[in-house]
Amino acid sequence: MRLATWNVNSIRARVARTVDFAVREHIDVLAMQEIKCKPEQFPYEAFEEAGYHVVAHGLSQWNGVAIASREPIEDVETAFPGMPGFAKDHDGPDAPLEARAIGATVGGVKVWSLYVPNGRALGDPHYTYKLHWLEALAAHTRATLAASPDLPLALVGDFNIAPTPADNGDPAVVEGFSTHVSPPERAAFADLEAAGLADVVRPLVPAGFTYWDYKRLRFPRNEGMRIDFILGSRALADAVTGAAIHRDERKGEIPSDHVPVVVDLDLASPDDDDDVPMIFG
DNA sequence: ATGACATCCAAAGGATGA
């Protein structure tokens, strides 16, 4: 299975480009973020003509997440248990939920397409929301893996955190003063790893950004950030055979400001034995 | 000193983004 995640920054503005990429790169499962539309506005036809099923979750022109898959999509959830909502000046269980998570089972893998809150500024209510949202995600991950330690679980998407200084090449994002790089955000990311997940791309693609601001020649100067990740449980990480960050998708006509991140998975079940020649087919 | 770019809705400019 080839699994990809891509913050598309409006699926309606970039549907042809998105489907072209999925087909060209033989993507089996594509998790999208920032679709910026409601489900009834999603351009399903282009995906279906290319052989994909799609589930989408969107509540307004903001946020929005989706999963496209060549295999059937099962057990769809539009929020993880404990996910906080957000109102103007506070977050919490009483505030309205945003369309930042869609989970489903595809080909035996539990996939969450996630768009972590931006945070806006240190001290902003949105920043507190971001930290609480990540805390709830880690708690849910712990509970999930405690109940199913061997589950192939993938948390993928735009995490809006640059986990190390090397992941921040944007001079406007200042270590210690900006969101995405603050110690509490990095601690929240580390806590996801402590909950039983690993960045399955970095070992195979140690360097490179996944996002470049549209402004100030950030892409030509390669002043980007690595903020889009594929985090996997042990069972998922053990199946990884390859990974890529498709930097070229930042080029050309009306690109998203993010590029796709991809992993290849060999999910043969334990009783399959690749060393034995096929006899029955 | 500020904006720079891009999206949405809505029909101008504000909200959002990181």
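Just so we're on the same page: letters track the sequence lines, and every chain starts at 1.
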Query raised in the report: Which parts of residues 160-190 of chain A get close to DNA chain B, meaning a heavy atom less than 4.0 angstrom away?
Result: Asn160(A), His180(A)
Query raised in the report: Counting only non-hydrogen atoms, which of residues 205-214 of chain A are less than 4.0 Å from DNA chain B?
Result: Tyr211(A), Tyr214(A)
From [atom1] of [X] over to [atom2] of [N], roughly how many Å is that when rounded to an integer?
| X | N | atom1 | atom2 | result |
| --- | --- | --- | --- | --- |
| Lys215(A) | dT2(B) | NZ | C1' | 11 Å |
| Asn7(A) | dA18(B) | CG | P | 6 Å |
| Met225(A) | dG17(B) | CE | C1' | 12 Å |
| Leu217(A) | dG3(B) | CG | P | 18 Å |
| Phe159(A) | dG17(B) | CZ | P | 17 Å |
| Leu59(A) | dC8(B) | CG | C1' | 15 Å |
| Asp257(A) | dG17(B) | CG | C1' | 8 Å |
| Ile11(A) | dA6(B) | CD1 | P | 18 Å |

If the [atom1] atom of [N] is compared with that of [M], how far apart are they to the nearest Å?
| N | M | atom1 | answer |
| --- | --- | --- | --- |
| dT7(B) | dT2(B) | P | 26 Å |
| dA10(B) | dT16(B) | P | 15 Å |
| dA11(B) | dA1(B) | P | 37 Å |
| dG13(B) | dA4(B) | P | 14 Å |

Report task. Nearest-nucleotide wise, let me know which of Ile227(A) and Ala13(A) is further upstream toward the 5' end of DNA chain B. Result -> Ala13(A)
Which pairs pass salt bridge (Lys or Arg N to Asp or Glu O under 4.0 Å) with one or both residues in [range], sequence neighbours excluded?
| range | result |
| --- | --- |
| residues 72-83 of chain A | Glu77(A)-Lys110(A) |
| residues 58-70 of chain A | none |
| residues 125-138 of chain A | Lys130(A)-Glu185(A) |

Requested in this report: May I ask you to check whether Phe21(A) and Trp6(A) place their ring centers less than 6.0 Å from one another?
Outcome: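 Yes; Trp6(A) has its ring centre under 6.0 Å from that of Phe21(A).
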Query raised in the report: Does the separation of the ring centres of Phe159(A) and Tyr115(A) fall below 6.0 angstrom?
Result: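 Centroid separation for Phe159(A) and Tyr115(A): 6.0 Å or greater.
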Can you name the residues that form a ring-ring contact (aromatic ring centres under 6.0 Å, His included) with [X], not counting sequence neighbours?
| X | answer |
| --- | --- |
| His180(A) | none |
| His90(A) | none |
| His132(A) | none |

Query raised in the report: For Arg14(A), which contact category applies under a 4.0 Å heavy-atom criterion: base, sugar-phosphate, or nothing?
Result: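 It contacts sugar-phosphate atoms only.
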Requested in this report: Have a look at Asp124(A) and say if it touches a base, only the backbone sugar-phosphate, or nothing, with a 4.0 Å heavy-atom cut-off.
Outcome: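 Answer is nothing: Asp124(A) stays at 4.0 Å or more from every strand.
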Query raised in the report: When you check the phosphate oxygens OP1 and OP2 of dC8(B), does a side-chain N or O of Ser60(A) lie under 4.0 Å from one of them?
Result: no
Report task. Compare side-chain N and O positions of His258(A) against OP1 and OP2 of dG17(B) and report whether any pair is under 4.0 Å apart. Result ->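 Looking at the OP1 and OP2 atoms of dG17(B), neither is under 4.0 Å from any side-chain N or O of His258(A).
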Listing, residues 62-69 of chain A side-chain donor-acceptor contacts under 3.5 Å, not counting sequence neighbours, or none:
| residue | atom | partner | partner atom | Å |
| --- | --- | --- | --- | --- |
| Asn63(A) | OD1 | Arg100(A) | NH2 | 3.2 |
| Ser69(A) | OG | Glu71(A) | N | 3.0 |
| Ser69(A) | OG | Glu71(A) | O | 2.6 |

Identify the pairs formed between an N or O of the protein and an N or O of nucleotides 9-16 of chain B at a distance under 3.5 Å, and give each distance.
| residue | atom | partner | partner atom | Å |
| --- | --- | --- | --- | --- |
| dC9(B) | OP1 | Arg12(A) | NH2 | 3.2 |

Query - Gap between atom CG of Asp28(A) and atom CG of Asp264(A) - 0.5 Å precision - result: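 It comes to 8.5 Å.
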**Report entry** side-chain hydrogen bond (donor to acceptor under 3.5 Å, both in side chains) pairs, two or more places apart, involving residues 138-148 of chain A
**Finding:** His140(A)-Thr144(A), Arg142(A)-Asp191(A)
Which side-chain N or O atoms in residues 43-50 of chain A pair as donor and acceptor under 3.5 Å with protein atoms at least two apart or in another chain?
| residue | atom | partner | partner atom | Å |
| --- | --- | --- | --- | --- |
| Tyr44(A) | OH | Pro39(A) | O | 3.0 |

